[in-house]
Each structure stands twice: as C-alpha cells, then as structure tokens.
Amino acid sequence: MSKAIQAVRGMNDLLPETVERWQLVEATARDVLHAYGYREIRLPLLEKSELFARSIGSQTDIVEKEMYSFEDRNGDNLTLRPEGTAGCVRAGIENGFLHNQIQRLWYAGPMFRHERPQKGRYRQFHQIGVEAFGIDTPDLDAELILMCVRLWKSLGLEGLTLELNSLGTPESRATYRAKLTRFLKARRDQLDEDSLRRLEKNPMRILDSKNPAMQPVIAEAPNLHDHLDEDSRTHFDRLGEYLKESGVAYRINPRLVRGLDYYTRTVFEWTTDRLGAQSAVCAGGRFDGLVEQLGGRPAPAAGFAIGMERLVELLARQSPSPSSGAPEAYLVLLGESAGKHGLRLAECLRNAGLRIECHCGGGGLKAQLKRADRSRARFALMLGDEELQDNTVTVKDMRGKDVQVSVHQDVLIDFLNERTGRRVKT
RNA sequence: GUGAGCGUAGCUCAGUUGGUUAGAGUCCCGGAUUGUGAUUCCGGUUGUCGUGGGUUCGAGUCCCAUCGCUCACCCCA
C-alpha cells in the first residue's frame, strides 16, 4: 500500500449521515427565506484579493493573516472568499441591481479562513448569508431578526440568546474609539498582553476580553452607548420597540463588537452556551457605507450569516438524526432469470416515484436480506423462481413485525404506496 | 501565531515497575439441513503500536525531534 493522502487541515468531509441533517437545515432555511421574499443568488468562491481588503478592512485578522490568497496564471491576486457579504455587494454593483433599488438576497456555501481549527471553527466552513439593500429604517433590522426567530422555531432549536448593540456611525465610532484609547492608555499597566496588542489595532475588542483580571478596567471604561449620535440612538431604540412588539427577547450588550470594519449601527449575534468556545451561531448587522465604499452609489444595507457547522452541531445534540432518503424498498433477486426481470421491475417502481435499491452482485438470500436491512429500507421485495412463475413478489416488512405477504406484480405499486403512506389510494 | 492533552486493528479502546509470537469489543465475511435480515451461538480476516532518532541485553511502554488530531487562547459564523 502506498501512503494515503490526507485531507487538508481544517477541511472536513461531510459523510452521508451528516449530510442528511445539513439538507434538512438547508431546506428549512430556504423555505423561511422565501417566506420573506428573499431570493437566492450564487456567487464565485474566488474574488480579487483587493475586494476583501477594501470591505472587511486591511487591518483585520481575517485579511492580515487568515486569507487563502494566491496569484493565478495571469498574475492576478485572488482569494478564496473568507465571507460572503463583500462578493454579494460587488455583484450587486457590477450587475446594477443595487442602483436605487430594494433587494432582498440570500446565498449559501463554503467560506475559507486559515485559522487554527477547533470545535466549531474550521478552515473550510459554510454559511447561509442574507443581505438586504436599499432600506435604512430599523424595520428591516427587525425583519432580519424575525427571520432568524422563525428559522430557529422551524428547526426546533432551543437555547439561543439574542445579543444586540449599536456601533453608531463611522464618525461617532471614531470619536468613541479615540476616547476609549485615551482611557486605556492611561491604564496601560493594568492591561494584559492581548489587550496591549489590541490597543493600537482594535481597542474596542478589549471590552470583549475573557480575562477576569481585565474586568475591573473594562467596567470603568467609557460606554459606547453614551457616545452614539442622535440618529443611531433613535434607530436603535426603534428596533428595540419593534422587537418588543413582536415578542422577541434580547439582551443589549454594549461590548458586542463585530470584527469586520464595514459594520455600522445595528449589530447582533445569536449565541449558545452549548458549543464550547465558538458560541456564535449567527451574526450580522448594518453596513450602510459598504456599497459606496466598494464603488457603488450609496445604498444602505443590512444582513447576517449563519454558521452551518455550528447550527448543525447544535441541532445534532438536541434531536436524533433524521433518516430521510432511505429507500422505500430493497429488491432481493434470487437466480439468473430473476436478475434480468428485476432490473425492469425496479425501473417500473421508480417510474411510480418509489425509491428502490436493487441488489447487485448476486449472493444468497441471507446475505441479500442483510443488505436490505442495512439499506434502511422499509420493505424487502423478494423475486425468485417461485415468484416468477405466478408473477408475484414476496414483500417482507423489515421494520414492523415479521409480516410477509405475496403480492401480484400488477398491484405492487398500489400496495407499496399504501403501506408507505406516500399517497392515499383512491 | 501561543498553550495543553492525545496518537495501539476500518471504528471504540485495554496493554501491569520496560520482558516471549500485541489483546478485547465492534465492524466485515462464512456457518448453525437447501429461500428469510435485525437478536443468539460457532468460526475467520484485519496492525511498519503516527514517523524518525536515542537510552537499554530488550521499547507499544522511558527520552528527544517531527508530523497529525483534539480542546482552549486569539479570532469569528
């Protein structure tokens, strides 16, 4: 045996058992999003590297050290997308559908970040992203959150907490940031190593520190909310009213800081305490300046992204795995002539919409029934010399009590439809 | 990028103070009167003990390096 090749670190295979749960989440999400008038958009995995530097921010960790960037054969600097918003905005500007218009869009797919893998964090991970353009009022912010609530409910998800904050406008944020930096610099000696590093690059992150020793300093630090501009404050208050009106519980977290530079005003995060350190399952906010920043006519926008791996993991630990996709019946074929007849019979059943797994490779009845069992099929259909003589099939219920009946091939479809409850027989 | 823990059969793991040909369960294959699965019983296949070096008469076990995995920090969905 030659040496086996391993998958790239942090890039996982999703095996069939897992995929079934993913498909359930994807289908549910699609239905919910469509219920709000959001339309799917499909975007490239590769973009010019500059797009991310200009949107996410050149000083952010994502752009500075986590992107999969390379030069292609033309010498263009390209990057595997680390998130979806930038590409979506780029596509909107390029295709002209943001120009003075309202758009509600969603997409799903893999994102790539070169981080150290740990629970809930992988180098290839998947997001469902939602973006709405052209609306600057907080009713949109509320709609996005209500959409999340509906999705959690549809999936039967429990234990998620909504955290809310407002970052204000770029101007009010800059003022606050300067004030915070002055405050922290005066207390340099009380800051830990991480915070000293963040002091220059992203001082607001210090407020989010997990280090207990930092808490006294953080408690005294100036509050972002006291520095919000008038419009941002009204916007935030109105969002709160909408949510109360809709019965959505939330917690205001003035320390909630998003890591991407383009966020303005509303930011939110759905978190759980059941997934270890990577607790954010869904997060988003407003990015009113991004369209203009990327070269489009100014247009307000807001959106969020769901971390699929985290959501699926959360779902997995609270409900047993769904068993969709199992065939309705497994066709057991005994002998040469049954083999020939069997392929035709299987096609016939599939024409009627049934999922049929047909035995291949010969073998005795015992071995074939064993496979029938493992296929998760409800029924085993046995076809041998005896059945061929009188045009019947022996139908064995693999899941119920040991019931076995002989059914004429002419009425087999009706029989199976009725027994599997696929359709009510007329 | 930093730290900690762990690498023994396809999978889950055991393996005494270093001491013969390295074990269990599971999975897979076959059998228990010819065409009846899942349950039970019997039999069988499966290992460069992650990799490379060192210590030793002798290393799965001790030491060093390296690779990989996991979790946490950081970061974020």
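Lettering follows sequence order; numbering is per chain, from 1. If you're wondering where the values come from, they're calculated on a predicted model, not measured in any experiment.
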task: Let me know the distance between CD1 of I5(A) and P of C67(B), rounded to the nearest Å.
output: 19 Å
message: For a quick check of understanding: with a heavy-atom distance under 4.0 Å over all strands, which category does E313(A) fall into, base, sugar-phosphate or nothing?
response: nothing
message: Testing the 3.5 Å rule here: is there a donor-acceptor pair between the side chains of N253(A) and N165(A)?
response: no
query: Got a donor-acceptor pair under 3.5 Å from the side chain of R121(A) to the base of C71(B)?
result: no
- prompt: Expressed as a whole number of Å, how far does the C1' atom of C71(B) sit from that of G30(B)?
  reply: 43 Å
message: Need the pair for A32(B). Rule: Watson-Crick or G-U wobble, both distances under 3.5 Å, any strand; none if unpaired.
response: U40(B)
query: Taking atom C1' in both A22(B) and G60(B), what distance in whole Å separates the two?
result: 8 Å
field: Gap between atoms CD1 and P, on I62(A) and G1(B) respectively (whole Å)
entry: 18 Å
- prompt: Counting any heavy atom closer than 4.0 Å, what does L260(A) reach on the DNA or RNA strands: base, sugar-phosphate only, or nothing?
  reply: sugar-phosphate
field: Short side-chain N/O contact to C71(B) OP1/OP2 from Q118(A), under 4.0 Å
entry: no
task: Would you please confirm or rule out a distance under 4.0 Å between OP1 or OP2 of C74(B) and any side-chain N or O of K210(A)?
output: yes
- request: Remember a base hit wins even if backbone is also touched, and classify M382(A) as base, sugar-phosphate or nothing at under 4.0 Å, heavy atoms.
  value: base
task: Verify the contact: side-chain N or O of R116(A) to OP1 or OP2 of A72(B), cut-off strictly under 4.0 Å; return yes or no.
output: no
message: Measuring only the P atom in each nucleotide, how far is U70(B) from C64(B)? A whole number of Å is fine.
response: 25 Å
statement: Residue pair K119(A)/V257(A) against RNA chain B: nearer the 5' end by closest nucleotide is K119(A)
- prompt: D373(A) has an atom CG; how far is it from atom C1' of C27(B), in whole Å?
  reply: 14 Å
- prompt: Starting at the 5' end of RNA chain B, which residue's closest nucleotide do you reach first, R399(A) or E309(A)?
  reply: R399(A)
task: Please work out if Q368(A) contacts a base, only the sugar-phosphate, or nothing of the nucleic acid, heavy-atom cut-off 4.0 Å.
output: nothing
Between U16(B) and G31(B) - C1' atom distance, rounded Å: 38 Å
query: Mind checking who G18(B) pairs with, Watson-Crick or G-U wobble, both distances under 3.5 Å?
result: none
field: Candidate list M308(A), E309(A), M111(A), test side chain to side chain contact (heavy atoms under 4.5 Å, CB included), partner Q127(A), passing option
entry: M111(A)
- request: Any strand is fair game: report the nucleotide pairing with G23(B) by Watson-Crick or G-U wobble, both distances under 3.5 Å, or none.
  value: C13(B)
Ring centroid separation F415(A) to H408(A) under 6.0 Å: no
field: Separation of A77(B) P from F287(A) CZ (nearest whole Å)
entry: 12 Å
- request: For C74(B) and A65(B), measure between their P atoms and round to the nearest Å.
  value: 27 Å
- prompt: OP1, OP2 of C69(B) versus side-chain N and O of R9(A): anything below 4.0 Å?
  reply: yes
- request: Could you check whether G276(A) gets within reach of a base, just the sugar-phosphate, or nothing at all, counting any heavy atom under 4.0 Å?
  value: sugar-phosphate
query: P atom, U46(B) versus A24(B): distance in rounded Å?
result: 13 Å
query: Base, sugar-phosphate, or nothing: which does N211(A) touch, judged by heavy atoms less than 4.0 Å apart?
result: nothing
task: Using the P atom on both, measure U17(B) against A72(B) and round to a whole Å.
output: 33 Å
- prompt: Using a cut-off of less than 4.0 Å, is there contact between a side-chain N or O of R197(A) and OP1 or OP2 of C73(B)?
  reply: no
- line: Rounded to whole Å, the NZ-C1' distance (K396(A) to G37(B)) equals 6 Å
task: Tell which nucleotide pairs with C49(B), taking only Watson-Crick or G-U wobble pairs whose two distances are both under 3.5 angstrom.
output: none
task: Starting from C1' on G37(B), measure out to CZ on R374(A) and report it in whole angstrom.
output: 10 Å
message: Under 6.0 Å from the ring centre and within 45 degrees of the ring axis: does the NZ or CZ of R265(A) meet both conditions for the six-membered ring of Y263(A)?
response: no
task: Show the numbers, then the answer: is there a salt bridge (charged side-chain N to carboxylate O under 4.0 Å, His left out) between E313(A) and R317(A)?
output: CA-CA 6 Å; E313(A) 171 69 24; R317(A) 42 181 54 235; 3.6 Å; yes
Among A77(B), U2(B), C29(B), the nucleotide that comes nearest once only the side chain of A280(A) is considered: A77(B)
- request: For A59(B) versus G53(B), give the span between their C1' atoms, rounded off to a whole number of Å.
  value: 13 Å
- prompt: Are the side chains of E47(A) and R90(A) in touch, meaning some heavy atoms are under 4.5 Å apart?
  reply: yes
- prompt: On a plain distance test, is the side chain of Q278(A) in donor-acceptor contact with the base of C71(B) below 3.5 Å?
  reply: no
message: If you compare every side-chain N and O of K366(A) against the phosphate oxygens of G37(B) (OP1, OP2), does one of them come in below 4.0 Å?
response: yes
field: Matching residue for D61(A) among R113(A), K201(A), E115(A) - test: side chain to side chain contact (heavy atoms under 4.5 Å, CB included)
entry: K201(A)
Atom pair CG (N223(A)) and CZ (R255(A)), whose distance is rounded to the nearest 0.5 Å: 9.0 Å
- request: Please give the nucleotide sitting opposite G3(B) as a Watson-Crick or G-U wobble pair, both distances under 3.5 Å, or none.
  value: C71(B)
- prompt: At under 4.0 Å between heavy atoms, what does A372(A) touch on the DNA or RNA strands: base, sugar-phosphate, or nothing?
  reply: nothing
